[in-house]
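Everything on this sheet refers to the single structure shown next.
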Amino acid sequence: MHAASYFKTSPGQYGEGDIFLGVSVPAQRKIAREAKHLSQDQIQELLASPIHEERFTALQILVAQYQKADAARRQEIYDFYLSQTRAINNWDLVDSSAREIVGQHLLVRSRQPLYRLVRSRSLWERRIAILATFAFLRTGDTADSYAIAELLLGDPDDLIHKAVGWMLREAGKTSQPALLHFLETHYTRIPRTTLRYAIEKLPEEQRKRILQAKTRH
């Protein structure tokens, strides 16, 4: 019951229809490790399940397979993942897989697929677009995180506001001046939730000044 509330499964909410068994994340990851040799058809069957944990476990299997695969198989997994985005339909499903599959795959490839996703009507495809850039941030490459964040500043959904703020915060670890420049440039357009996430690692007094200035706007 707690999970159903946590993942917003009431009628009209983003997780409506999701069924939770109450299996812990560590237990799901353990199952995924033991089932990492499942076929793509079997993984697809799990992704079609209304049970949240089955979809989560399926994605963890895909992540594990991607990490061990050769180049050809990685391309297959990447393509399959993007064909299944209707099943990747909650924030934890996106957050535990987008970086490891989409972001990792595009490290040495064109980033244009992210710019198609960011314009999607699907909340989850837009979240995939920004979360995938986490893989680039690990290498100190912040350009796409800032570019996609800018495109999402007007997004109506709070889950996007949070994801954008999270990636801005991570980008700020590479260069705090670059983060502050982004915030100053787009200050009037940045949702308050995004701003709060983005500045979490700044000194307390600096955070207070930024938030107070936002309130005056």
Side-chain angles (χ1 to χ4, degrees), residues 1-69 73-106 113-114 116-135 152 155-167 193:
M1 194 68 177
H2 172 71
S5 173
Y6 190 55
F7 288 100
K8 307 296 184 184
T9 60
S10 297
Q13 294 182 312
Y14 61 76
E16 181 179 359
D18 237 353
I19 298 170
F20 288 83
L21 300 179
V23 182
S24 70
V25 169
Q28 291 174 74
R29 294 189 188 279
K30 182 175 185 294
I31 292 168
R33 288 193 297 272
E34 294 170 351
K36 61 186 177 183
H37 299 300
L38 286 188
S39 70
Q40 189 164 292
D41 286 345
Q42 291 171 314
I43 293 172
Q44 188 165 23
E45 185 176 345
L46 287 174
L47 286 172
S49 172
I51 297 173
H52 187 94
E53 289 93 339
E54 290 190 356
R55 300 200 308 283
F56 183 93
T57 300
L59 291 168
Q60 294 311 295
I61 294 170
L62 272 184
V63 168
Q65 290 185 354
Y66 185 91
Q67 291 170 345
K68 299 294 185 181
R73 178 59 182 146
R74 285 187 171 192
Q75 183 67 48
E76 291 177 0
I77 293 170
Y78 166 82
D79 291 338
F80 174 71
Y81 180 92
L82 290 182
S83 77
Q84 300 296 310
T85 55
R86 289 185 65 181
I88 308 169
N89 58 355
N90 218 310
W91 60 263
D92 64 321
L93 304 180
V94 172
D95 297 4
S96 63
S97 61
R99 174 181 63 183
E100 287 77 6
I101 295 178
V102 179
Q104 195 66 30
H105 197 70
L106 299 181
L114 300 184
R116 292 193 290 272
L117 289 171
V118 82
R119 292 178 172 86
S120 171
R121 293 183 179 181
S122 164
L123 155 65
W124 308 115
E125 290 189 347
R126 300 196 305 275
R127 190 166 172 114
I128 287 170
I130 187 64
L131 261 295
T133 70
F134 206 164
L152 289 172
D155 198 280
D157 201 288
D158 187 61
L159 284 175
I160 298 297
H161 300 172
K162 291 175 179 177
V164 170
W166 176 16
M167 290 304 100
T193 297

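If you're wondering where the values come from, they're calculated on a predicted model, not measured in any experiment.
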Can you check side-chain contact (heavy atoms from CB on, under 4.5 Å) on Leu123 and Leu159, steps first, answer last?
CA-CA 8 Å; Leu123 155 65; Leu159 284 175; 4.0 Å; yes
Nearest 0.5 Å, please: how far is [atom2] in [Y] from [atom1] in [X]?
X	Y	atom1	atom2	answer
Leu117	Leu82	CG	CG	6.0 Å
Leu62	Ile101	CG	CD1	5.0 Å
Ile51	Leu21	CD1	CG	4.5 Å
Ile61	Leu46	CD1	CG	6.0 Å
Glu45	Leu38	CD	CG	10.0 Å

Leu47/Phe80 under side-chain contact (heavy atoms from CB on, under 4.5 Å): CA gap, chis, key distance, verdict:
CA-CA 11 Å; Leu47 286 172; Phe80 174 71; 3.9 Å; yes
Residues in side-chain contact (heavy atoms from CB on, under 4.5 Å) with [X], at least two apart?
X	answer
Val25	Gln28, Arg29, Phe56
Asn89	Arg55, Leu93, Trp124
Leu106	Tyr78, Val102, Arg109, Arg111, Pro113, Leu114, Phe136
Arg73	Gln40, Gln65, Ala69, Asp70, Glu76, Ile77

Please list all pairs meeting ring pair (Phe, Tyr, Trp, His ring centres under 6.0 Å) that have one or both residues in residues 31-50, counting only residues at least two apart or in different chains.
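Every pair satisfying ring pair (Phe, Tyr, Trp, His ring centres under 6.0 Å) with a residue in residues 31-50: there are none.
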Can you see which heavy atom on [X] is nearest to which on [Y], and at what distance?
X	Y	value
Glu125	Ser120	OE1-OG, 2.7 Å
Ala135	Gly103	CB-C, 3.5 Å
His161	Asp155	NE2-O, 2.6 Å
Met167	Leu131	CE-CD1, 4.0 Å
Pro50	Asp18	O-OD1, 3.4 Å
Glu100	Val63	CB-CG1, 3.7 Å

Can you name the salt bridge (Lys or Arg N to Asp or Glu O under 4.0 Å) partners of [X], sequence neighbours left out?
X	result
Lys36	none
Arg116	none
Asp79	none
Asp157	none

Donor-acceptor pair, Arg74 side chain versus Tyr66 backbone, under 3.5 Å?
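Yes.
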Given 3.5 Å as the limit, does a donor-acceptor pair link the side chain of Glu54 with the main chain of Ser49, or not?
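Between the backbone of Ser49 and the side chain of Glu54 there is no qualifying donor-acceptor contact (under 3.5 Å).
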Under the salt bridge (charged side-chain N to carboxylate O under 4.0 Å, His left out) rule, what pairs show up with a residue in residues 90-99, not counting sequence neighbours?
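Every salt bridge (charged side-chain N to carboxylate O under 4.0 Å, His left out) pair that includes a residue of residues 90-99, provided the two are not neighbours, is Asp95-Arg127.
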Ser97: what forms a side-chain hydrogen bond (donor to acceptor under 3.5 Å, both in side chains) with it, not counting sequence neighbours?
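Ser97: side-chain hydrogen bond (donor to acceptor under 3.5 Å, both in side chains) contacts with Tyr81.
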Counterpart residues, side-chain hydrogen bond (donor to acceptor under 3.5 Å, both in side chains), relative to Ser122 (two or more places apart)
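Once residues adjacent in sequence are excluded, Ser122 has no partner under the side-chain hydrogen bond (donor to acceptor under 3.5 Å, both in side chains) criterion.
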Using the ring of each side chain (for Trp, its six-membered ring), is His52 parallel, tilted or perpendicular to Phe20, with breaks at 30° and 60°?
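His52 and Phe20: parallel rings.
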Residues Ser39 and Gln42: side-chain donor-acceptor under 3.5 angstrom
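The answer is yes; a qualifying pair exists.
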Working note: Gln60 + Thr57, criterion side-chain contact (heavy atoms from CB on, under 4.5 Å); need CA distance, chi angles, decisive distance, verdict.
CA-CA 5 Å; Gln60 294 311 295; Thr57 300; 5.6 Å; no
